[in-house]
Amino acid sequence: MNIFKFFNRQRTAPAARERLQLLLAHERSSSGSDLITLLREEILAVIAKHVQLDNDKVQVKIERSEFVSTLEIDVELPLNADLIAA
Amino acid sequence: MGKVVVVTSGKGGVGKTTSTAALGAALAQRGEKVVVVDFDVGLRNLDLIMGAERRVVYDLINVIQGDAKLTQALIRDKRLETLFLLPASQTRDKDNLTEEGVERVINDLKRHFDWIICDSPAGIERGATLAMRHADVAVVVTNPEVSSVRDSDRIIGLLDSKTAKAERGERMEKHLLLTRYDSNRADRGDMLKVDDVLEILSIPLLGIIPESMDVLRASNIGAPVTIADSRSAAAMAYFEAARRLAGEALPIALPSDKRNIFDKLFGRRAA
């Protein structure tokens with residue numbers, strides 16, 4: 001039993017190494033101020049000025065990868081959203 | 001003038017206190033005059049690891065506030081003539097740890113000791129930043145595990161920006177002490193290897209302390225592992241790390257593999 005597990009198991013250390021390198025590259029470059037977080041807050045604030053935002057209808061996704069980060073903001077606007085805000 | 005060393009890590013439970021005691025004792029065993037200082041106000045443990053928990057009368061905060069003289073608060077080790085402990089307060093609030101107070105005590109200690117080894121609390125709060133504040137050298141204790149490596153990276157950033165040395169524009173000397181290392185698990189690809197950690201943190205290696213039952217056994221009896229079991233693999237690794245800290249250029253060997261092929265195949269641990 002043990003012997004089969006020993007040969008079949010995936011090595012996990014390389015994954016640890018890659019995850020750390022990626023994470024630390026981001027943490028080192030954004031020491032303290034995180035641009036993506038700042039953008040998220042300001043973009044949502046601008047939208048909220050014109051439209052009543054329903055928190056349940058806002059989806060924010062951040063993906064940090066090796067060379068680029070993406071910020072995806074998905075806001076569902078009801079037909080009469082502008083009326084509600086006004 | 002003595003050299004001030006901070007033993008730090010960010011993450012808790014990686015072996016700061018164990019390493020402070022072992023390195024301090026190892027240096028004292030070479031005949032140097034050493035004081036180990038506990039900065040973990042409210043959660044002191046260095047006294048327990050050193051086996052001096054029943055002899056604590058005054059602490060660091062008593063000295064800072066002028067309730068006790070430094071000489072009254074220092075506890076001399078019963079086994080080593082040149083090893084002393086300055087305990088942390090268990091009951092006082094850590095806000096009593098003032099920056100000027102700490103500086104005054106450290107400067108006093110520098111006049112009387114060759115080595116002042118500061119055991120930092122975990123985290124990046126006041127206690128941790130004050131422990132590193134006046135250091136000449138930092139020993140960053142890290143386990144070969146993702147959360148420990150990440151926190152060490154954070155601490156290295158603080159050492160390079162928030163210490164008195166960094167603020168004077170000088171370079172803080174930093175060393176990596178890799179603890180709880182298991183060569184077998186690293187060989188199997190299930191633990192970060194020494195080179196992985198070194199490449200990620202890019203600071204020079206002070207030593208590799210193998211995962212060892214002897215460390216727990218030493219703490220059970222209240223003795224630094226270099227005193228409790230000086231022939232154990234962990235103690236030898238600490239002795240070598242202490243020599244490197246004192247400036248010797250020793251080659252670093254991986255902790256030896258004590259298990260045979262039979263044990264490896266069936267996943268048994270060596271005694």
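Basis for what follows: all heavy atoms, side chains included, without hydrogens, waters or symmetry-related copies. Note on naming: letters A, B, ... go to the chains in the order of the sequence lines (proteins, then strands), and numbering restarts at 1 for each one.
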**Request:** Look up atom CD in A:Gln21 and atom CG in B:Asp196, then write down how far apart they are to the nearest 0.5 Å.
**Result:** 8.0 Å
**Prompt:** Rounded to the nearest 0.5 Å, how far apart are OG1 of A:Thr12 and CZ of B:Arg188?
**Reply:** 10.0 Å
**Residue among B:Glu199, B:Arg150, B:Arg154, B:Lys193 with most heavy-atom pairs under 4.5 Å to chain A** = B:Arg150
**Residue B:Arg217 excluded, over 12 heavy atoms near CZ under 6.0 Å** = no
**Other residues, nucleotides, ligands: >12 heavy atoms within 6.0 Å of A:Gln59 CD** = no
**Segment of B:Asp153 engaging chain A (4.5 angstrom heavy-atom cut-off)** = side chain
**Message:** I'd like to know whether CD of B:Glu125 has more than 12 heavy-atom contacts from other residues, nucleotides or ligands below 6.0 angstrom.
**Reply:** no
**Request:** Would you indicate whether B:Arg168, at its atom CZ, is surrounded by more than 12 heavy atoms from other residues, nucleotides or ligands within a distance under 6.0 Å?
**Result:** yes
**Message:** Testing the basics here: between A:Pro14 and B:Gly189, what is the closest heavy-atom pair and its distance to 0.1 Å?
**Reply:** CD-O, 4.0 Å
**Complete:** Correct closest heavy-atom pair for B:Asp187 and A:Arg11 would be O-NH2, 3.4 Å
**Complete:** In short, B:Leu192 meets A:Ala13 closest at the heavy-atom pair CD2-O, 3.8 Å
**Asked** For B:Arg180, does the CZ atom sit with more than 12 other heavy atoms under 6.0 Å from it, leaving out its own atoms?
**Response** no
